[in-house]
Amino acid sequence: MNTNSIPAFTDFVHRFVPASAPEGISPSTLPTLLLLHGTGGNENDLLDLGRMLVPGAALLSPRGKVLENGMSRFFRRLAEGVFDVEDLQRRTHELADFVQAASEAYHFDATNVIAIGYSNGANIAASMLLLRPGVLRGAILLRPMVPFVLDELPDLATTPVFIGAGRADPIVPAKQTEQLIQLLQQAGATVTAHWLNVGHGLSHEDIRGARSWLDQLQR
Ligand code: MLT
């Protein structure tokens, strides 16, 4: 397996796993998965999830640069669930630039990148949908919140979004998820909401739901 950390083009610590499509599938038809970990995670956390979701797809997995009591995150927060929006927006642009630079450095198709974010990673992925439409072809947001509300919404008519939500999530109230669904729909996105009777942690059912959504997308 060919993986890398800290190439010259970026100061994001990350892993890149090139596509290795299973027999009969051309690697060029598969998306590249942008894997965005949760608070306290790192660039290794979601590699197995990515492999399960789209076997053989290239994986790009950066580590969030913010440290909160030693835990890596993608942006600062003022308290749990209260975001430093200025920092979030700046770091969203930085991450989007990283994805574009990585597509050149690693020769993957910049128009076929699907984000898979969990918790804090889902929140910056949602922010990227709003601020940098076009960078992502689609997104799987697992336990996301509303990153911020914009006066002017982007056009997400061609950007499908899967949301994996837990009805018993103590960090993300169901109302937040519903607001995010509404916001993305107002921007024109086709949103698939997958509600489970679970908490903030991921379950096998999340993976099953996300996988069948991705299968439909690739048809
Ligand atoms: C966040 O700060 O992004 C959310 O509260 C989720 C979390 O990381 O706990």
Side-chain angles (χ1 to χ4, degrees), residues 1-18 32-53 57-103 105-106 108 113-132 135-136 139-148 163-166 169-172 176 180 199-203 206-207 210:
M1 185 173 67
N2 181 7
T3 60
N4 297 273
S5 62
I6 329 185
F9 70 88
T10 174
D11 59 348
F12 268 100
V13 175
H14 67 278
R15 298 275 302 268
F16 177 73
V17 182
T32 293
L33 304 182
L34 172 66
L35 304 175
L36 301 168
H37 63 78
T39 298
N42 66 36
E43 67 280 12
N44 297 310
D45 281 15
L46 300 185
L47 294 175
D48 283 344
L49 176 63
R51 289 187 187 104
M52 276 189 270
L53 288 178
L59 307 174
L60 178 65
S61 188
R63 185 194 301 174
K65 289 194 209 174
V66 168
L67 275 183
E68 182 189 273
N69 301 321
M71 296 185 297
S72 295
R73 289 175 50 83
F74 284 97
F75 57 89
R76 286 200 199 102
R77 64 180 162 183
L78 308 173
E80 187 164 298
V82 185
F83 303 154
D84 178 338
V85 172
E86 202 184 309
D87 186 68
L88 168 55
Q89 296 193 345
R90 184 172 66 77
R91 290 181 190 276
T92 299
H93 285 295
E94 193 181 46
L95 185 63
D97 292 344
F98 162 72
V99 173
Q100 289 179 330
S103 77
Y106 295 127
F108 62 80
V113 176
I114 295 180
I116 299 174
Y118 168 61
S119 190
N120 181 246
N123 295 337
I124 198 161
S127 171
M128 204 184 297
L129 289 170
L130 295 173
L131 291 185
R132 294 286 290 266
V135 172
L136 299 175
I140 292 181
L141 308 178
L142 302 167
R143 311 295 185 272
M145 301 174 79
V146 177
F148 41 76
I163 292 187
D169 190 330
I171 295 176
V172 186
Q176 273 267 339
L180 179 63
H200 199 65
L202 293 182
S203 75
D206 284 293
I207 298 169

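This structure is a prediction, so every number in the text was calculated from the model and none was measured.
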Check: Is there side-chain contact between Val113 and Val135, with heavy atoms separated by less than 4.5 Å?
Finding: no
Check: Taking C-beta and beyond as the side chain, do Val66 and Arg77 meet within less than 4.5 Å on heavy atoms?
Finding: no
Check: How many angstroms lie between CG in Leu36 and CZ in Arg63, if you round to the nearest 0.5 Å?
Finding: 14.0 Å
Check: Can you tell me how far CD1 of Ile116 sits from NE2 of His37, rounded to the nearest 0.5 angstrom?
Finding: 14.5 Å
Notebook entry, point to check: Going from CG on Leu95 to NZ on Lys65, what distance comes out if it is rounded to the nearest 0.5 angstrom?
Noted result: 9.0 Å
Check: Counting only heavy atoms not in Glu86, do more than 12 fall under 6.0 Å of its CD?
Finding: no
Check: Does a salt bridge link Arg143 with Asp206, judged by any charged N lying under 4.0 Å from a carboxylate O?
Finding: yes
Notebook entry, point to check: Side chains of Arg15 and Asn44: closer than 4.5 Å at any heavy-atom pair?
Noted result: yes
Item checked: Nearest-0.5 Å distance, CG of residue Leu131 to CG of residue Leu88 -> 7.5 Å
Notebook entry, point to check: Considering all heavy atoms of both residues, which atom of Ala122 and which atom of Gly117 are nearest to each other, and what is their separation?
Noted result: CB-O, 3.3 Å
Notebook entry, point to check: Do Asn123 side-chain atoms and Met145 backbone N/O form a donor-acceptor pair below 3.5 Å?
Noted result: yes
Check: Leu35 and Pro62: which non-hydrogen atoms are nearest, and at how many Å?
Finding: O-CD, 3.3 Å
Check: Would you say Leu46 and Leu59 make side-chain contact, with heavy atoms under 4.5 Å?
Finding: no
Check: Pro147 pairs by side chain to side chain contact (heavy atoms under 4.5 Å, CB included) with which of Leu129, Leu180, Ile124?
Finding: Leu180
Notebook entry, point to check: If we only count heavy atoms from C-beta on, is the Tyr106 to Thr32 side-chain gap below 4.5 Å?
Noted result: no
Check: Which pair of heavy atoms, one from Gly201 and one from Tyr118, lies closest together, and at what distance?
Finding: CA-OH, 3.8 Å
Notebook entry, point to check: So His14 and Ser61, side chain to side chain contact (heavy atoms under 4.5 Å, CB included) or not? Walk me through it.
Noted result: CA-CA 5 Å; His14 67 278; Ser61 188; 5.8 Å; no
Checklist line | Minimum side-chain heavy-atom gap Asp169-Gln176 below 4.5 Å | finding: no
Notebook entry, point to check: Does Leu34 reach the side chain of Met128, with side-chain heavy atoms less than 4.5 Å apart?
Noted result: yes
Checklist line | Verdict with supporting geometry, Phe74 and Thr39, side chain to side chain contact (heavy atoms under 4.5 Å, CB included) | finding: CA-CA 8 Å; Phe74 284 97; Thr39 298; over 6 Å; no
Next item on the list: Please lay out, stage by stage, how Phe75 and Val85 fare under the test side chain to side chain contact (heavy atoms under 4.5 Å, CB included).
Entry: CA-CA 9 Å; Phe75 57 89; Val85 172; over 6 Å; no
Checklist line | Closest non-hydrogen atom pair between Gly64 and Ser72, with its separation | finding: O-CB, 3.7 Å
Next item on the list: Report the distance from atom CG of Leu33 to atom CZ of Phe108, rounding to the nearest 0.5 Å.
Entry: 10.5 Å
Next item on the list: Dump the intermediate steps for side-chain hydrogen bond (donor to acceptor under 3.5 Å, both in side chains) on His200 and Ser119, then the final yes or no.
Entry: CA-CA 8 Å; His200 199 65; Ser119 190; 2.7 Å; yes
Next item on the list: Would you name the heavy atoms of Ile207 and Met52 that are closest together and state the gap between them?
Entry: CD1-CE, 4.3 Å
Check: At what distance, to the nearest 0.5 angstrom, does CZ of Arg76 lie from CG of Leu67?
Finding: 10.5 Å
Note to self: Before you tell me yes or no, could you show the steps for Leu78 and Phe83 under side chain to side chain contact (heavy atoms under 4.5 Å, CB included), namely the whole-Å CA-CA distance, both residues' side-chain angles and the distance that decides it to 0.1 Å?
What the structure shows: CA-CA 6 Å; Leu78 308 173; Phe83 303 154; over 6 Å; no
Note to self: Within the 4.5 Å heavy-atom criterion, are Leu142 and Leu49 side-chain neighbours or not?
What the structure shows: yes
